[in-house]
Asks: 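After the structure tokens below, expect a handful of questions from me.
Ligands are counted one by one from 1 in listed order, and the atoms in each one are counted from 1 as well.
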Amino acid sequence: MVSKGDSPAPPGVPDSGQGLVLTRGDITREAVDAIVNAANSSLLGGDGVDGAIHLAAGSGLVQECAGLGGCPAGEARMTKGYRLPARHVIHTVGPVWQGGSAGEDETLASCYRESLRLAEEAGLSSIAFPSISTGIYGFPIERACRIAIREIRAFLATARCVKTVKAVAFSDRDYETYRKAAAEGPL
Ligand code: AR6
């Protein structure tokens, strides 16, 4: 599933339900092995997708997170999914946008790589990402989508366990941005 309606999948984007899958919706509804949370370094919850994930998961999630001792930007930590349909949550901390010269691109790329590495190490096969850093943290979405798609494709090329990586856009506009970035081909 990549495109809406009957439009064909853009080049390089499989529509078999495996590989990179672009979709639009609320990530808390995704019944995958792991959803990724765009957290802050405390891992104790916040607004945006972080707030939505904690609300849907219930208080068990923040209790487990409290034992993790936080997480630096660019790294990731895994917990159980509690009341979510997803079995696990992978919490990663994106960069705060500071204009683009403060290593934001590399930190964002690291969030994708580290989250995927944890999923692979745990033997998971499906994982769903929100658009990390593009809300409250202010990272421009076009630039973030290119980085996300580049890292996901590179990872899938060698992954053994992870078969499906969903990029979940929260709005039609964000979905279109992902679709255009994916249609550009390998980035
Ligand atoms: N499902 C999918 N995507 C969502 C959802 C949802 N339910 N809700 C929001 N988004 P943000 P950040 C999208 O602000 O920029 C928190 O307070 C949203 O439209 O959630 O990484 C943390 O604790 C946007 O495209 O995360 C941190 O303090 C994307 O998710 C800070 O915000 C990310 O937006 C992290 O900021």
Side-chain angles (χ1 to χ4, degrees), residues 1-2 4 20-59 61-66 68-79 81-86 88-100 102-116 126-149 151-152 164-182:
M1 178 179 62
V2 169
K4 289 182 173 175
L20 170 63
V21 178
L22 307 183
T23 185
R24 182 196 174 289
D26 178 354
I27 201 166
T28 66
R29 313 287 285 269
E30 291 287 342
V32 286
D33 292 332
I35 60 170
V36 175
N37 182 16
N40 60 67
S41 57
S42 78
L43 299 184
L44 297 178
D47 297 320
V49 71
D50 193 7
I53 288 171
H54 276 274
L55 188 66
S59 61
L61 182 60
V62 76
Q63 284 168 25
E64 184 176 353
C65 285
L68 295 176
C71 178
E75 295 188 17
R77 305 285 185 268
M78 187 152 68
T79 65
Y82 298 90
R83 293 188 197 148
L84 289 162
H88 302 276
V89 180
I90 295 174
H91 307 262
T92 190
V93 182
V96 178
W97 181 254
Q98 297 175 64
E104 295 97 320
D105 289 352
E106 180 47 38
T107 304
L108 185 65
S110 177
C111 289
Y112 285 92
R113 283 197 297 269
E114 290 299 301
S115 299
L116 290 162
S126 57
I127 177 169
F129 282 92
S131 185
I132 298 160
S133 280
T134 66
I136 292 159
Y137 280 179
F139 202 117
I141 182 109
E142 291 81 7
R143 186 161 165 159
C145 282
R146 288 200 178 100
I147 292 167
I149 288 168
E151 294 300 328
I152 291 167
T164 303
V165 181
K166 287 187 164 187
V168 181
F170 200 44
S171 67
D172 287 338
R173 197 169 164 195
D174 288 355
Y175 177 86
E176 275 308 302
T177 307
Y178 270 112
R179 202 188 56 74
K180 282 183 186 150

Asks: Go through ligand 1 atom by atom and flag the ones less than 4.0 Å from a non-hydrogen atom of I27.
Replies: 1 (N), 2 (C), 6 (C)
Asks: Counting non-hydrogen protein atoms only, what is the nearest one to atom 33 (C) of ligand 1? Give residue, atom name and distance.
Replies: S131 O, 3.2 Å
Asks: Atoms of ligand 1 less than 4.0 Å from G25 heavy atoms?
Replies: 1 (N), 2 (C)
Asks: To the nearest 0.1 Å, how far is atom 24 (C) of ligand 1 from its closest protein heavy atom, and which atom is that?
Replies: T134 OG1, 3.6 Å
Asks: To the nearest 0.5 Å, how far apart are CD1 in I152 and OH in Y112?
Replies: 6.0 Å
Asks: One residue to check: D174. Relative to ligand 1, which of side chain, backbone, both or neither has a non-hydrogen atom less than 4.0 Å away?
Replies: side chain
Asks: Considering only non-hydrogen protein atoms, determine which one is nearest to atom 21 (O) of ligand 1 and report residue, atom name and distance to 0.1 Å.
Replies: S133 N, 2.9 Å
Asks: Provide, to 0.1 Å, the distance between atom 36 (O) of ligand 1 and the closest protein heavy atom, together with that atom's residue and name.
Replies: Y137 CG, 3.4 Å
Asks: What do you reckon, are the aromatic ring centroids of W97 and Y137 less than 6.0 Å apart?
Replies: no
Asks: I need the nearest protein heavy-atom contact for atom 7 (N) of ligand 1: residue, atom name and distance, please.
Replies: D26 OD1, 2.8 Å
Asks: For Y82, which of E64, H88, H54 qualifies under side-chain hydrogen bond (donor to acceptor under 3.5 Å, both in side chains)?
Replies: E64
Asks: Under 3.5 Å, side chain of E75 to main-chain N/O of C71, donor-acceptor pair present?
Replies: no
Asks: What are the two closest heavy atoms between V89 and G81, and how far apart are they?
Replies: CG2-CA, 4.1 Å
Asks: For atom 20 (O) of ligand 1, what is the closest protein heavy atom, and at what distance to 0.1 Å?
Replies: V49 N, 2.7 Å
Asks: Heavy-atom contact under 4.0 Å between S42 and ligand 1?
Replies: no
Asks: If the threshold is 4.0 Å, N to carboxylate O, is there a salt bridge linking E176 and R179?
Replies: yes
Asks: Should G94 be listed as contacting ligand 1, given a heavy-atom distance under 4.0 Å as the test?
Replies: no
Asks: Which distance, rounded to the nearest 0.5 Å, do you find between the CG of L20 and the OH of Y178?
Replies: 9.5 Å
Asks: Just to confirm my output: which protein heavy-atom neighbour is closest to atom 6 (C) of ligand 1, and how far is it?
Replies: F170 CE1, 3.3 Å
Asks: Can you list the ligand 1 atoms lying under 4.0 Å from a non-hydrogen atom of D47?
Replies: 16 (C), 17 (O)
Asks: Return the CD1 to CZ distance between I149 and F129, rounded to the nearest 0.5 Å.
Replies: 12.0 Å
Asks: How far is atom 14 (O) of ligand 1 from its nearest protein heavy atom, and which residue and atom is that?
Replies: I136 N, 2.8 Å
Asks: Can you sort out which atoms of ligand 1 are near G48, meaning under 4.0 Å from one of its heavy atoms?
Replies: 20 (O)
Asks: At a 4.0 Å threshold, what atoms of ligand 1 neighbour a non-hydrogen atom of A38?
Replies: 21 (O), 22 (C), 26 (O), 35 (C)
Asks: Mind checking the CG-CD1 spacing from N37 to I53? Nearest 0.5 Å is all I need.
Replies: 4.0 Å
Asks: Rounded to the nearest 0.5 Å, how far does CG of D33 lie from CD1 of I90?
Replies: 9.5 Å
